[in-house]
Amino acid sequence: MPQAPAWALLSAPPRTQAPAPPPNLRSPRAPAPPLSRPRGSDGALGLETCTALVSEVISFPVVQLHLNRTAMRASQKDFENAMSQVKLLKKDPGNEVKLKLYALYKQATEGPCNMPKPGVFDLINKAKWDAWNALGSLPKETARQNYVDLVSSLSSSLESSSQVEPGTDRKSTGYETLMVTSEDGITKIMLNRPTKKNALNVEMYHEIMHALKAASKDDSAITVLTGNGDYYSSGNDLTNFTDIPPGGVEEKAKNGAILLREFVGCFIDFPKPLIAVVNGPAVGISVTLLGLFDAVYASDRATFHTPFSHLGQSPEGCSSYTFPKIMSPAKATEMLVFGKKLTAGEACAQGLVTEVFPDSTFQKEVWTRLKAFAKLPPNAMRISKEIIRNREKEKLHAVNAEECSVLQGRWLSDECMNAVVNFLSRKSKL
Ligand SMILES: CCCCCCCCCCC/C=C/C(=O)SCCNC(=O)CCNC(=O)[C@H](O)C(C)(C)COP(=O)(O)OP(=O)(O)OC[C@H]1O[C@@H](n2cnc3c(N)ncnc32)[C@H](O)[C@@H]1OP(=O)(O)O
């Protein structure tokens with residue numbers, strides 16, 4: 001059974017001590033914490049409670065940062081990077097360090113502790129208060145610097161001993177083609193090439209894989225893919241076809257098929273609820289992948305278009321298997337073979353989209369709903385997804401392999417090359 005990261009658990013207080021209502025440690029600008037925390041029958045803090053508490057200690061500063069943006073100038077970027085880095089730590093730095101981080105953050109953003117001291121039985125809030133209060137009149141700038149230094153020392157000492165895959169220590173801010181954020185239990189992966197309608201270039205394929213791997217291990221409950229700008233995505237970037245290596249087009253096609261197979265494989269294997277927030281038109285691979293998502297919410301501005309025949313290509317993203325199952329073979333054929341473009345309403349009627357929202361309220365309504373989902377017990381959600389999806393996994397990997405192999409041949413065809421040349425020479429558009 002998937003476990004919450006060990007470091008998401010703060011030590012439980014001794015059983016004998018009765019929970020007392022904690023005074024609020026937060027500034028008036030901050031959201032108020034729950035007054036008491038549910039405990040298990042053994043008196044320990046429950047898993048969700050502990051996770052929420054860690055979010056409070058670790059993630060809460062991210063919210064605060066936005067509120068205090070104007071107050072920080074000198075090392076704002078370092079400070080912001082340090083906060084992102086904290087969330088990427090793969091190992092529990094321990095309660096003592098977490099309290100130190102909390103205290104330095106509060107000092108850096110609010111100055112010396114000015115809150116009433118919590119009661120003796122309010123162990124957690126008292127520990128936080130003590131840590132902050134212990135910093136006395138340490139100047140804000142020094143606290144900020146100490147925070148950055150502490151995170152940097154943690155990153156080197158904890159990351160080097162963890163078994164992470166190469167590159168997984170990359171910061172969420174370090175992406176070229178994506179914006180990745182983690183807040184309120186949701187990791188949001190936003191395609192971020194709006195001037196190119198979020199077309200997927202080779203860099204973006206790699207970055208999405210990286211972001212999904214990181215999201216599968218982070219402490220968020222759900223993961224969301226969406227687009228920046230007016231498009232969700234215009235699909236594969238057709239300039240991907242232009243950079244021919246010394247081995248010629250055959251090598252290009254072979255490498256493309258390897259990349260595509262690995263890319264789609266990441267969606268098949270993604271362990272947490274994966275939700276698409278389709279903010280605008282979607283084309284090609286950004287549509288076919290939707291069959292591998294757990295829920296798809298769409299603006300009524302969105303359209304769904306898979307013009308593979310027009311492009312001399314063939315379906316991918318496991319759509320040759322998922323679409324006929326979702327919407328019937330004939331409807332799937334209209335889309336995948338004849339390139340029929342669906343409106344959001346039609347896609348919803350076919351089962352490809354879960355729900356459609358008016359564009360004017362889309363973001364507000366969807367994110368309210370997602371935040372509520374993200375509060376559900378994460379392990380239960382994972383396990384339920386697993387039981388819904390797992391018996392299909394082997395089949396999906398086989399379909400993926402077959403689709404990539406067929407597509408590799410298609411990329412070498414005149415039909416495909418002509419379509420790409422026509423688009424790149426501005427002779428055609430969808
Ligand atoms: C051997 C190859 C190896 C490849 C590596 C692996 C790849 C795996 C491949 C998986 C298979 C995937 C298949 C698909 O996704 S098929 C779908 C492909 N997409 C398209 O055909 C869409 C093409 N774009 C358009 O038709 C129009 O741009 C669009 C209708 C989407 C929007 O039109 P509009 O008029 O509103 O906007 P512009 O055309 O002016 O677009 C703005 C700029 O964005 C550029 N653009 C948009 N989409 C793409 C794209 N898909 N590829 C490249 N560039 C794109 C467009 O050119 C404009 O750029 P400029 O401002 O510089 O002119």
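In each ligand, atom 1 is the first atom listed, and ligand 1 is the first ligand listed. Residues: numbered from 1 along the sequence shown.
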Numbered in order shown, the ligand 1 atoms found under 4.0 Å of a heavy atom of T195 are 42 (C), 43 (C), 44 (O)

Atoms of ligand 1 less than 4.0 Å from L430 heavy atoms? 20 (C), 21 (O), 22 (C), 26 (O)

Please state which protein non-hydrogen atom is closest to atom 51 (N) of ligand 1 and give its distance, to 0.1 Å? N236 O, 2.9 Å

The atoms of ligand 1 lying under 4.0 Å from a heavy atom of G256, numbered in the order shown, are 3 (C), 6 (C)

Can you sort out which atoms of ligand 1 are near A199, meaning under 4.0 Å from one of its heavy atoms? 49 (C), 50 (C), 51 (N), 52 (N)

Tell me which donor-acceptor pairs under 3.5 Å the side chains of residues 291-299 have, and how far apart each pair is, sequence neighbours excluded?
{"unit_1": "D294", "atom_1": "OD1", "unit_2": "R389", "atom_2": "NE", "d": "3.2"}
{"unit_1": "D294", "atom_1": "OD2", "unit_2": "L274", "atom_2": "N", "d": "2.8"}
{"unit_1": "D294", "atom_1": "OD2", "unit_2": "K385", "atom_2": "NZ", "d": "2.7"}
{"unit_1": "S299", "atom_1": "OG", "unit_2": "R301", "atom_2": "N", "d": "2.9"}
{"unit_1": "S299", "atom_1": "OG", "unit_2": "D359", "atom_2": "OD1", "d": "2.7"}

More than 12 heavy atoms from other groups under 6.0 Å of CD on E402: no

Using a strict cut-off of 4.0 Å, indicate which atoms of ligand 1 neighbour a heavy atom of G235. 15 (O)

Check whether any side-chain heavy atom of L101 lies under 4.5 Å from a side-chain heavy atom of Y105, and answer yes or no. no

What atoms in ligand 1 come closer than 4.0 Å to a heavy atom of N240? 4 (C)

Between N422 and N418, do the side chains contain an N or O donor and an N or O acceptor separated by less than 3.5 Å? no

Which ligand 1 atoms does F241 reach within 4.0 Å, using its non-hydrogen atoms? 1 (C), 2 (C)

Any luck finding a side-chain donor-acceptor pair between Y321 and N400 under 3.5 Å? no

Which bit of L238 gets closer than 4.0 Å to ligand 1, counting heavy atoms only: side chain, backbone, both or neither? both

N/O donor-acceptor pairs under 3.5 Å from side chains in residues 308-315, not counting sequence neighbours:
{"unit_1": "S309", "atom_1": "OG", "unit_2": "V337", "atom_2": "O", "d": "2.6"}
{"unit_1": "Q313", "atom_1": "OE1", "unit_2": "W411", "atom_2": "NE1", "d": "3.2"}

Where's the contact between F263 and ligand 1, heavy-atom distance under 4.0 Å: side chain, backbone, both or neither? neither

Distance filter under 4.0 Å to L311 heavy atoms, resulting ligand 1 atoms: 16 (S), 17 (C), 18 (C), 21 (O)

Return the closest protein heavy atom for atom 32 (C) of ligand 1 as residue, atom name and distance. Y231 OH, 3.4 Å

Can you tell whether the side chains of K197 and D230 come within less than 4.0 Å, N to carboxylate O? yes

